[in-house]
Each structure stands twice: as structure tokens, then as C-alpha cells.
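Being a predicted model, the structure only gives us computed values, none of them experimental. So you know, we letter chains A, B, ... as the sequences are listed, proteins then strands, and number each from 1.
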Amino acid sequence: MRKGYYEASARDRIRGVIDPGSWREFIPPSERITSPHLPLLDQPVAFDDGIVVGAGRLGGKDVLIAAQEGRFLGGAVGEVHGAKLVGLIERAVKTRPSAVVLLLDSGGVRLHEANAGLIAVSEIMRAILRARVQGVKFVGVIGGSCGCFGGMGLVARCCDVLLMSEEGRLGMSGPEVIETVRGVEEFDSRDRALVWRVTGGKHRYLIGEVDMLVDDDVAQFRAAIARALEAPAEFSLEGLEREHDMLARRWSRFADANDARDIWAGLGIPDVTRMALMSTEEFTRASENVRERP
Amino acid sequence: MDAPTVNTSTRDWHDGVRSKAARLERAAALAVGKRVEAPQTTALLECILEPGDRVCIEGNNQKQADFLAASLVHTDPARVHDLHLVQSVLALPEHMELIERGQVSRIDFSFSGPQAGRLARLVERGKIRIGAIHTYLELFARYFIDLTPNVSLIAAQAADTAGNLYTGPNTEDTPAIVEATAFKNGIVIAQVNEVLDTLPRVDIPADWVDFVVPAPRPHYIEPLFTRDPAQITEIQILMAMIAIKGVYAEYGVTRLNHGIGFDTAAIELLLPTYGESLGLRGKICTHWAVNPHPTLMPAIEAGFVQSIHCFGSEVGMERYIAARPDVFFTGRDGSLRSNRAFCQAAGHYACDLFIGSTLQIDLEGNSSTATRGRIAGFGGAPNMGSDARGRRHASETWLRAGREARRHKAMPRGQKLVVQIVETFREHMTPTFVERLDAWDFVQSANMDVPPVMIYGEDLTHIITEEGIANLLLCDTPEERKQAIRGIAGYTPVGLARDVRMVENLRDRGVIRRPEDIGVARREATRDLLAARSVKDLVLASGGLYEPPTRFRNW
Amino acid sequence: MTRRDTLERLFPSGWQDDAEFDNGFAGTGMCSGESIRYIGVENATEVGVDQALAMARLVLDTVKQHAQRAILFLLDTQGQRLRKRDELLGLNGYMAHLAKCVELARARNHPILSLVYGEAVSGGYLATGMMADACYALSDAQIQVMNLPSMARITRIPLEHLEQLSEHSPVFSPGVANYAQMGHLQEIWDGELAARLAHALSRMREAVPADQRMALGQQRGGRCVAYEVAQRVEHGA
Amino acid sequence: MEQLQFQVPSRAQSQRRDAVLVGVVGSGNCEVLLEATTADAMCVATIHTAAHGFADIWRRVIEDFAIRRNAGGLRVEINDVGATPAVVTLRLYQAIEAWESGDA
């Protein structure tokens, strides 16, 4: 039976991607390290503060893994949640796993502890980048129901390799926020198709924001992560210059784009609608020669 | 009803014919042949209609004669008033507008879904009199007895220049309405989306149609039967497992009708997975009277389904249906031919099981969707959800249910399985099981003769909740029946008031069966069991033929 | 305070703008005889893809042209640009790119500082000021994720409740003092900015900076659990 | 938030193992943590719920669970955001079935 990644819980995802019997969780739920701030606001807590962190093996290789639980407060980052992730990254600098795998599913900063959350996101970014400088590899994974937004959208793009399903969403400001501030004419957040055209996996893959497009299936994610563990990792001036060129090219070509359709057509895709309906495999093949990459 | 007091010796028996001729005469200047241009529509209606007329503004479950309804709102109330609406569905704001403006003073209908709240307020303010709330089949029947329309405003996909109509997949109520109107001196006005030289097929012959109006916009069709699998809960999956294993497999149900909720959508999506794992393909769910639910596609593709007859169509299903003529009833043009009246009859007489959901169930097993402040009606559910007293053909399923019901009677006879599938609590912890239905309040507030009960307890055979199945056929006394219902009512006040010993006794006798009693493991009740978990999965299951409405797409 | 006033006060011995972009600027200022590369945004601008790209270019060029020169981010931003177009192009990717460029500079021994002289709001602050080794803000500046009325609306927690709690807790309400107490800001600056900057720089030249903000937050009593939780994950069995 | 505590007799659970967590703290849902205690014949339940005023229903749900399953020697702790009794019961069963099957 196919196990969907989009709907799976954080714990199910971890169970689905690591080698059986290899899992060890740090600060498990039984320790009840919960948010000290939510009770003051009379809000429910979760025993793991919405993130599972630990060590395991994937295809026989040692990895550290974190998984955000999108259904608890939208996977948003609070003080404990953020600190667990920072601690995991710091641990990697010392223990040198094959990679740190981040199963991201988050709307960004948890408003109930906004300042702590924002600072934590910046600490996560700094920790990842510092670890990358020291040679630790990061694999980001997006395909959950909350997508990956706000500061976590930046965290995702700080990884060496980023995997995403068509169903995943990646961006900075959520469509609802833009609609609230700028009005429905700017961004109709209830237009599902539009939301996915702007933030969804296929568009992100085509413009070079994501390295692999994965089917919404836990087993497929596992296989893709295993492949990502093999990918080379580098953090260099040359690499950043290549990324800069790609981003500058995107800006100069598509600054006037109003819809993903404009960009796809601009990239030389003949039948945008047909492309949008393709399966992951077909899509990956069909986009091989038009897809942007650094 | 008209009560003619004419001396029959001097009567020429052609009042109706003369009335129709006079109306046509008044409107003659507005039409070229049968064709009337859209801007003339209001004038046409003012010429045709007379105070006191019975009017059907075709409002089906899905298809709406919305342009004609809007045109009617623009008529002069001094000329057009005291109309009596006789139509199955009151779904448009225009329908309520006509009541507000005093142009409609009486209604007989079946269902008012989106306007249920507004209708209740109009009734309270004394703006409108409700004749009765009918089932679909019942209202159609009255079209041929005492509620024959004088004027029917209908909707079709296309007309040719002669006035033949092509309804496309959404034929729905049109044949019943037109038959009654056209053959009893009534006038039929059709709004069409387009006029073609040659129609793909003829659904209504030109001879039955008086006027054709090309509408400025295509008529509205509501995608009423599209249930996004993403919203199906684990509890609904658990109940679907109970239904499949505890009822469908148990009775070998092959001919059936499903309601339109998420509970039954869950059953449809479990057939190719859970049903297949139980070896039930070919043994259950082969013949259906049901709309083309998108959630049925995985079961069709998996080979469960042999035949489906439809009340109406469903937006986005057109290409899929056309590609599966072995399963669906289709015309020469390849597209679906639906027919609500025939399908209701099929559901009533030729199905062995009806299953649907409801909002309230009382201790006698009466169920109702009427809640305070809403007069929603019940559409077709009572036709499906009642024993067909006139049925004479036998089937194993029908006989088995009959044997259970008639243990103490000499004359063998079958019975239809009528099943309600409900969670014990609805949203906001509102209990589904109640001591007294809200429907009773309507007797006073809406001046009704009887409470609007959707399915009567005496027709109900099984109730399924997350707590298990209550088989009401096996209850010997009214008290046992009450305890059987309490026994699966969970933690609602009705459930908590159960006699624990009596309930355990009923369980020993198989009247109440818990999930564990029928080998349903709660732990397996996960969304992974659904054959499709998203609308995208449905598109994949259809091989790309299904084209979901935009609001269900994320690509 | 305006950009000009801020630069005057930071670099009384001289500064020279040499780059402009949409509501942004860059140049070189002198501090205790040392050249400082400053990169800033002004007029409480919303930072969009073009500005993030421009700043990234400036950081990369600094790395290429001026080895180990200190970089100072000067911030007055009301957040990331809230437009569909920017999201379509992948604003988060541009922001992350900027953060990566800053990290490269840090790895190549460029001290990184930031000063909020106007406003700093979440997304506009993350990839710039918050990436610094040491973060500062003027005492009359403002740092926030969201104002309390909006927060009340979205979380459905009564505004009065939030206001009442914010008197004792630095964890969610706007204000530079809260960000200092939580360990994010090294210091809040006022008075002689040039002296403050010189002092900050000399301190950074002494030791390779690691991110000490969690520990600082715990010391200052603003973030009581983060440090310990991170330590437990980092070192736990 | 409302906190409830119940202690109800139940047949002893024979399995001994690390804690089990099922479910998620989200609207209409709850998480259930199961842990071993030393009180073999008792099931101890602590509930933190965002929905006030349902103590009696919670008591009956926990009692039925303790009657139907071997929950003696188990501590049940629940973080709840308005889950219906149906969902709570499902989670309790999922938790104890995970416990008994030895799954994580």
C-alpha cells in the first residue's frame, strides 16, 4: 500500500525513511520538554513541541534527522522547537554523519512566541551554514501539508540538496498573508491552482529552487534522500557565484512575470497545461533541457 | 386544484387549449419561430404568465434555469403575481427574491439546500405558504395529478432551429417536467447555452417546446457530488470498514444507492483496497443507482462496478463517463443520459440497499436533516431510504433482510436494507442521537402537518456508528430497539443512558456488533486505506479523463 | 533616524557611498583607522528579490576585493516584500542566497555586524542583520515579527491578554529591549555610535565568533530553555 | 485549558517497553502518550484539554478503555484540542495496539 508523504505525521515520515531498528530520538516525548510559553496563553502543548530529532541510518549510512509536525501549530518554530533543531545541527559538526536530513513542514515562526521563534530561525540558518563551511551536508525535504514558509523557507534553501514533491509548497510569505496585506487582486489565496503554480514543487523545480522532484510517497522520498546522500556538497565562492548568476538571470528575464505560466513559457515549454498535468517522472524527463539550475 | 362548476352540457372541454392559445397569441410578436432573444425574455414572461399560475422554474439538484429565474425577477409584480412554484429545488437567491417581491405566494418543493435558512425566515414572516415538502419522485408524481405546471421554464445545453433540445449529461428533471407541462396545455420555455444546426442527440422533441431563449451565459451547474478525498477522516474510514464487512459482505449487497456525504465516499474509496482484500470484487456493489461520484472511479477502474444509472451528472466527469459506456447509460453522442425520475424509481424498486448520513436520529430510529432555523427538505433520500412496499421480485439480499425482519410472521417477504451511517457526535460536539428530533419544532413554526422526517424508523434496518452496527431487524420489542440504538450512540447523552446489561445481551445476540466482533481492527483505519487520498489521485485513477473543477485543483 | 544621520554618527571621520539600489545603499566608512564596508536599506523598505540580489552582489564583491574587511548591515526595513511576483521568483531563495554570501564572508574572516537604525521586521531582517556575528540596534529603533493587534487576530487570543503578558515576558511582543533580553542583540546603542562601533570591532577581532545568542539569552533571563535544550540534543546520549 | 485526572482499575498489561506516542495535537485531534507504571491493576490517565466541560465524557471514555483493554500498569497522558470521543477512542486503541505489537 502506498503511504502518502503529504499526510503522514512527522513520526511516520521518520519511520518511513530510516532503516528499521536504527532510530534513536533525542529528548523523546516522554521527557515532556514542552513550550513554557504556550500555557501562559492557555494554549495546548505537544510533548515534542512539534519536532522530532534523532539519529538513525538511511541505506546503511549514519544520518541525523529532524521532522517538523505540520499539524501542531502549523509546524511553526518556537523556542524549544528551534533549540532542538539547533542542537541537532551542532551535534552534526561533532559527530559528522553522512548528512543532516531536515523533513520540513512549517509555516515559519510561531506567533505565540514570535521573538524566540524568529531568533531561533536565524540561529538555525547560522548553524547550518557554519556546519556547511565545516563540511557537514544538509538535505532538505519538502512535501508536507504546511509546506515550508517564512523563515523556514530560507532554512530550506540553506541546504546542500533540496527535495520536494509537487504537493509541497515553498515560499517566504504565505498567500494568505499577501492577500491580507495587499488584497485579493494581488493574490487570491483561495485559488488553489494559483497557490500551487506560485509555490508548488513543479514550479520550484523548473526555476532551479529545488534539486529533485519526488512523488508523494514515503518510499519514493526515502529513495530520493538516499540518492541525495551521494550528491556532492560544496560551499564555495564559485558555487555562490553560479547561484548568483542563476538568480540574476531569473530576475532579469522574469521580473515582469505575473504567473508561473509566463515563466514556464519563457523557459521554452511549449504546452504549459500539459506539462502541469504530467506525472513526476514524465515531468522530470520533459524538463531536463529547459529547467534552470545553478 | 381547479374546481370547475360548469354545466357540462354547454361545456366545450377546451378551456386549457384556449388559455394556451391566448397566451401564445400575446407573446407572438416577441418570437421568431420559437426563438426569443434574451433581452425580450422578461416581456415574454409577462405575456405568458397569469396570476395564480403553477410555475416550474427548472431547479434541479445541479442544473438551474438561472437566466429565466433572473428574468422572472425583473417582471412587473402588478402583472406577474400570486404564482405557485412547483419545482424540486429552491437553490437560487432569485427564487427567494420572487417570494420577497410577493410574486410567489405558494411553493411545493423537495429541497432548498443553500436557501434553507432564508426560506425558514420567509415562512416565519408569513411571506410564503409551503404546500408540502416532497421527495423528488413524489413531486414528479403530483405533476401528473394535481400540481401540473401551467408554465415551465427549463434549461438545456443546446437547441436546434426547430426547437429540439439537447440537455447533455445533465438531463435530470427535464423530461418529467416537460412531459407533464406539454401534454396538459402548459407552456414550455427553454433557456439554452447555444443554438446549433444539428444536435448531438435529441433529449426533448421540439414538438413539446414552445419557446427557446439563447441565454447570455451558460446555465449554472453546481458540482454537488464532488467529495475531496483529502477531507475524509479516520473515523469515516473506520465506519466504512464496518459497513463493508458488517453489512455489504454480510448480506451480499450488489444493487445499491449511496448518499452523497463523506461517509459514503469513504466506502467507495475503500472498495478497491479493503473490499478487495476481503475478496469482495464481483460479490458486492456491482449495480448502482447513483450520480457519477468522482470517488467511484477507483472502484470502477478496479472492476467492482458493472452498471451505474444516474439522477444527474457531475461537473468534470463528462470525458470519463463517455469513455466508460459499458458502465454508464450514454446516448449516441457518447455523453451521459441522466434522468432523475427513472433513477429515483430504480433506487426505490431495484436496489437492495440504501445508505446515507443524517443530522439527527431519535430512539425510534427516525432521522431528520431539519435543524432549527433551516428548512432544507430531503430530495430523494426518502425514496431510496424506504422499503419498497410494491416490490415483488426477490434477491438474496432482500430475502435475507426479510427473514431477519419477519421471524415471527408466516408470509415470506423480503425487505430493503436501509442504513444510516453517522458519527455519534457532529462538529462542535453536537450529538447525532437525540431523544427528540428538532423536526418536531417545524410542525408549529412552519405550520406543517407532520414533522419533516427524512427516513422513518420503521424503514430503517441498520445504524452504523464508530461504535459498531445496530441491526434493528433483529429487535423484538420497542424497548430492545431503543437499547440497540443507545448501544451504538457512544458517549452522547442518549448513549450514556443505556442499560449496560441489556446492551451486552443485545451484543451476544448479534443485534449490536462492535468493530472487534466483526474483525475490524481500529488500527487499520488510516487514510492510507483510501484508494485515492486527493482529487489528484482521482484524476490519476481516471487515466487523466476526469477534469475536476478549479476549486478542487492544485495544479 | 535617517540613513545620513546614522552614517554621520557612525563614521565621524568620513564615509563615502559608492552603490545605490532600490531603497538601498552601500559604501565605505572609516572607524579607528579601519575601512568598514556598510550595506544598508532605508525608508523602512520591504526587501524584495532585487534588493536581496543587490546586497548579495555587494557582499560577494567585498569578499573578492577587500579581504577580511568588516561588513556592517544598516537596517530600516518593514519586512520582506509582500508581492505575488516576488514569491513567484522565489524570494526565499534570494534571501537564503544572501545569507549564504554573508556566511562565506564570515568564513573568510570578514567580521559581520548589524545595526537596526529604523525598523526591522522578520523576513527583511533574517538574511541580513540576523546573520551578523554581533547584532545591535539603536535605542529608538523597533524590531518585531508582528504587532500585537494582528497577533491577537491571528492567534485568537484576546489583545488585553497579550498586552498584559507582554509586560512580563519578552517572548512575543515588539521592542529592541525584548530582543536584547533574549540574547539576540549584543547591545542597544545610543550616544557615541562611533565609539560603540570601534569597541564592537575590536572585540570581534579578538576571538572567532560563534553564535552565542542562546547562552546570552539565558544569562539575561529572556530565553530560559533554548540553551539547555540545544545542549541536551548536542551532547545527549 | 482544563486538566483532568482519572485512576481506573484495569487488567494488567503484560508488555513492558518504552513510551508510545500516537496522534497529533491539532484541531479535533489529540496525542496520546503511554508509559509503564508500577501500579499493575490501575490505569492512570491525565488529560490536558482545550475543550472545557466534558469531564464526565472523558471519564466514561477512559473507563470503557480500561474495561475493554489491558491497561493496568499504564499511564495515559493526553494533549487534546477538542477531539471527539470517537477520535480519542481510536487513538487509545492505536496506542495500546502499538504498545502490544512492539512497534515504535
### Message
Hydrogens and angles aside, do A:His203 and A:Trp264 bring a side-chain donor and acceptor to less than 3.5 Å of each other?
### Response
yes
Under 4.5 Å to a heavy atom of chain A? For C:Gln231 that would be neither
By side-chain contact (heavy atoms from CB on, under 4.5 Å), C:Arg232 pairs with (sequence neighbours left out) A:Ile27, A:Glu31, A:Ile33
Okay, C:Ser150 and chain A: the region with an atom under 4.5 Å from a heavy atom over there is neither
Across all chains, not counting sequence neighbours, the side-chain contact (heavy atoms from CB on, under 4.5 Å) partners of A:Ala66 are A:Ile51, A:Val53, A:Leu85, A:Leu88, A:Leu102
Check your understanding: C:Tyr179 vs C:His184 aromatic rings, parallel, tilted or perpendicular, using cut-offs 30° and 60°?
Key -> perpendicular
Salt-bridge contact A:Glu179-A:Arg190 (side-chain N to carboxylate O under 4.0 Å): no
_Looking only at the aromatic ring of each residue, does the gap between the centers of A:His244 and C:His97 stay below 6.0 angstrom?_
yes
If one checks every heavy atom of C:Cys224 against chain A at 4.5 Å, the contacting part turns out to be backbone
One option among C:Val171, C:Val145, C:Leu82, C:Asn178 has the most heavy-atom pairs under 4.5 Å with chain A, and it is C:Val171
Bottom line for A:Ser236: the part with an atom under 4.5 Å from chain C's heavy atoms is backbone
Does A:Arg91 count as lying over the ring of A:Phe26, i.e. NZ or CZ under 6.0 Å from the six-ring centre, within 45 degrees of the axis? yes
Exactly one candidate in A:Asp259, A:Asp262, A:Asp191 meets salt bridge (charged side-chain N to carboxylate O under 4.0 Å, His left out) with A:Arg197; the answer is A:Asp259
Whatever's closer than 4.5 Å to a heavy atom in chain A on C:Ile154 counts as side chain
Applying a strict 4.5 Å limit to non-hydrogen atoms, the region of A:Ser173 in contact with chain C is both
Honestly, the part of C:Ala132 sitting under 4.5 Å from a heavy atom of chain A is backbone
Bottom line for A:His37: the part with an atom under 4.5 Å from chain C's heavy atoms is side chain
Bottom line for C:Val229: the part with an atom under 4.5 Å from chain A's heavy atoms is both
- [ ] Identify whether NZ of Lys or CZ of Arg in A:Arg132 sits under 6.0 Å from the centre of the six-membered ring of A:Phe235 and within 45° of that ring's axis.
- [x] no
Against chain A, residues from residues 112-126 of chain C with at least one heavy atom under 4.5 Å, in numeric order, are C:Ser122, C:Gly123, C:Leu126
Honestly, the part of C:Pro158 sitting under 4.5 Å from a heavy atom of chain A is neither
Hits for ring pair (Phe, Tyr, Trp, His ring centres under 6.0 Å) against C:His110, two or more places apart or cross-chain, chain-then-number order -> none
Okay, C:Met146 and chain A: the region with an atom under 4.5 Å from a heavy atom over there is side chain
